[in-house]
Amino acid sequence: MPYDHRNTARRTLALALVAAGCCAALAGCAASQASPPSGKAQGTQGTQGSQGSQGAQGTRATQGESGAQSRPPFASPSAPRPTRSPLPASPASRSLAGRTVVIDPGHNSGNFRHSAEINKKVDIGTVRKECDTTGTSTDGGYTEASFTLDVSHRLRDLLTARGAKVILTHDGDRPWGPCIDERARIGNAARADAVVSVHGDGSATGNRGFHVILPAKVRAGSADTAKIVAPSRTLGERIVERFARATGTSPANYIGSGTGLDVRDDLGGLNLSTVPKVFVECGNMRDPKDAKLFTSATWRQKAAQGLADGIATYLQG
């Protein structure tokens with residue numbers, strides 16, 4: 001609009017009001033710079049801190065996060081911030097959606113107290129075998145059952161994050177077992193795309209490394225593995241490759257001729273399976289060097305990662 005010589009008083013008043021407004025704005029900017037980081041600026045730090053604005057919290061809710069808490073209003077900028085859970089997997093990373101994986105944690109910590117029950121024989125097709133066993137342990141007393149359940153939990157979380165439906169044959173929630181024939185039935189009933197039984201071996205000192213046990217071709221009694229032999233081998237091969245890469249360990253030096261693969265016809269969990277299934281002996285718990293790995297939480301996470309990567313590679317073809 002053109003300049004108006006007739007309204008100088010009103011123009012002077014307007015200029016004064018504008019100047020006052022600018023001063024107030026500058027004062028506000030200075031105050032915000034002196035205060036601790038919060039709100040939107042803090043929210044841009046991603047997983048490092050809680051977002052202060054209500055809008056930012058709404059965004060987190062749509063991403064599936066829960067339990068995140070904002071920093072207390074009087075906390076100093078240097079105060080530790082609450083740890084936040086990792087962001088849920090993005091749709092692009094949910095590559096196993098629609099797939100079912102059964103994880104079988106070998107043995108059960110309660111088996112030691114139920115020898116009568118676990119020693120009862122069950123039919124595995126070729127012969128009758130004990131319902132279950134206690135498993136092995138390190139010389140320091142870390143049991144195979146404790147190891148297998150820990151790794152199975154880690155593996156479950158990794159697969160679930162990729163969109164898979166995961167079923168455990170047990171979760172340490174029963175006094176003993178389940179028996180080997182029941183473990184097979186759980187995978188069959190779920191029509192699992194893959195079943196992995198997690199174990200630790202109990203061989204002699206000096207025998208080191210991991211191996212994967214594959215089902216032999218068996219047709220006897222209630223056992224018929226003809227349809228699962230080939231896909232189970234493919235699953236095993238993928239796990240060998242990815243487990244070695246993730247853990248930095250080598251295939252067993254005492255079985256499998258360096259391939260990391262072994263074929264057996266005497267394991268009920270394999271004989272009675274009608275879906276692709278393998279056993280993974282993650283190492284030798286009786287060897288001091290391997291035992292040191294088993295008792296490391298960091299290494300157990302790597303073991304779970306290797307298993308998850310192998311399963312995912314198999315399922316993705």
Side-chain angles (χ1 to χ4, degrees), residues 100-108 111 118 120-136 144-145 147-149 151-152 155 166-170 177-203 210-243 251-252 254-257 259-284 306-307 310-311 314-315:
T100 299
V101 179
V102 171
I103 304 171
D104 178 28
H107 312 286
N108 183 323
N111 283 357
I118 68 171
K120 289 181 179 179
K121 299 291 183 69
V122 298
D123 182 18
I124 68 166
T126 52
V127 295
R128 292 183 65 82
K129 284 186 74 171
E130 291 77 10
C131 155
D132 203 359
T133 63
T134 59
T136 188
E144 182 182 357
F147 167 78
T148 63
L149 190 59
V151 171
S152 294
L155 175 56
V166 179
I167 299 170
L168 297 182
T169 59
H170 77 95
C179 293
I180 52 180
D181 56 341
E182 183 183 351
R183 292 173 189 261
R185 286 196 299 270
I186 292 171
N188 297 343
R191 296 183 179 181
D193 295 293
V195 183
V196 173
S197 189
V198 182
H199 287 266
D201 207 2
S203 189
F210 71 92
H211 67 280
V212 178
I213 304 174
L214 312 175
K217 191 171 183 179
V218 172
R219 188 171 186 178
S222 56
D224 186 356
T225 62
K227 293 182 180 180
I228 70 164
V229 167
S232 296
R233 174 171 285 274
T234 302
L235 172 61
E237 290 171 346
R238 299 294 179 269
I239 289 176
V240 167
E241 176 188 350
R242 297 299 178 137
F243 193 89
Y254 61 99
I255 197 168
S257 302
T259 64
L261 299 172
D262 185 33
V263 178
R264 290 177 60 173
D265 64 1
D266 63 330
L267 296 176
L270 296 180
N271 286 3
L272 301 176
S273 182
T274 59
V275 293
K277 183 174 182 177
V278 298
F279 279 42
V280 182
E281 301 282 3
C282 296
N284 177 20
L307 294 173
I311 294 168
Y314 165 75
L315 293 178

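When a residue number appears, it is its place in the shown sequence, counting from 1. Note: hydrogens, waters and symmetry copies are ignored here, and every other heavy atom, side chains too, is used.
Across all non-hydrogen atoms, the minimal contact from Ser222 to Leu272 is OG-CD2, 3.5 Å. Minimum heavy-atom separation, Lys121 to Arg128: O-NH2, 2.9 Å. Residues Pro215 and Ile228 approach most closely at CG-CD1, 4.1 Å, considering heavy atoms. Contact between Lys217 and Ala226 at its shortest, heavy atoms only, is CE-CB, 4.2 Å. Smallest separation of non-hydrogen atoms from Thr148 and Ser152: O-OG, 2.7 Å. Smallest separation of non-hydrogen atoms from Thr136 and Gly202: OG1-CA, 3.8 Å.
From Ile167, atom CD1 reaches atom CG of Asp104 across 12.0 Å, with rounding to the nearest 0.5 Å. To the nearest 0.5 Å, atom CG of residue Asp193 and atom CG of residue Leu315 are 6.0 Å apart. To the nearest 0.5 Å, atoms CD1 (Ile180) and CD1 (Ile118) are separated by 11.0 Å. Between atom CD of residue Glu130 and atom CD1 of residue Ile124 there is a gap of 9.5 Å, rounded to the nearest 0.5 Å. Interatomic distance, OG of Ser273 versus CD1 of Ile186, reported as 12.0 Å (0.5 Å rounding). The structure places OG1 of Thr126 at 9.0 Å from CG of Leu267, a figure rounded to the nearest 0.5 Å.
The backbone N or O of Gly177 lies less than 3.5 Å from no partner atom in the side chain of Asp132, so there is not a single donor-acceptor pair. The main-chain N or O of Ala216 is found under 3.5 Å from a side-chain atom of Thr225 such that the two form a donor-acceptor pair. Proximity of a side-chain donor or acceptor of Asp265 to a complementary backbone N or O of Val218 within less than 3.5 Å is not detected. With hydrogens and angles ignored, the 3.5 Å screen pairs no side-chain donor or acceptor of Glu281 with any backbone N or O of His211.
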Using the side chain to side chain donor-acceptor pair (under 3.5 Å) rule, take Asp201 and Tyr254 through it: C-alpha gap first, then chi angles, then the decisive distance, then the call. CA-CA 11 Å; Asp201 207 2; Tyr254 61 99; 2.6 Å; yes
Intermediate values then yes/no, side-chain contact (heavy atoms from CB on, under 4.5 Å), Val212 and Val280: CA-CA 4 Å; Val212 178; Val280 182; 4.2 Å; yes
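Side-chain contact between Cys282 and Val198 is present, with heavy atoms from C-beta onward closer than 4.5 Å. Two residues are said to be in side-chain contact when any heavy atoms from C-beta on lie closer than 4.5 Å; Arg233 and Leu261 meet this criterion. Contact annotation: the side chain of His107 never approaches that of Thr134 to less than 4.5 Å [non-hydrogen atoms, C-beta and beyond].
Taking the six-membered ring for Trp and thresholds of 30 and 60 degrees, Phe243 and Phe210 have ring planes inclined between 30 and 60 degrees apart.
Exactly one residue among Ile103, Leu155, Val101 makes a side-chain contact (heavy atoms from CB on, under 4.5 Å) with Leu307. That residue is Leu155.
Inspection of the Asn188 and Thr274 side chains reveals an N or O donor paired with an N or O acceptor under 3.5 Å.
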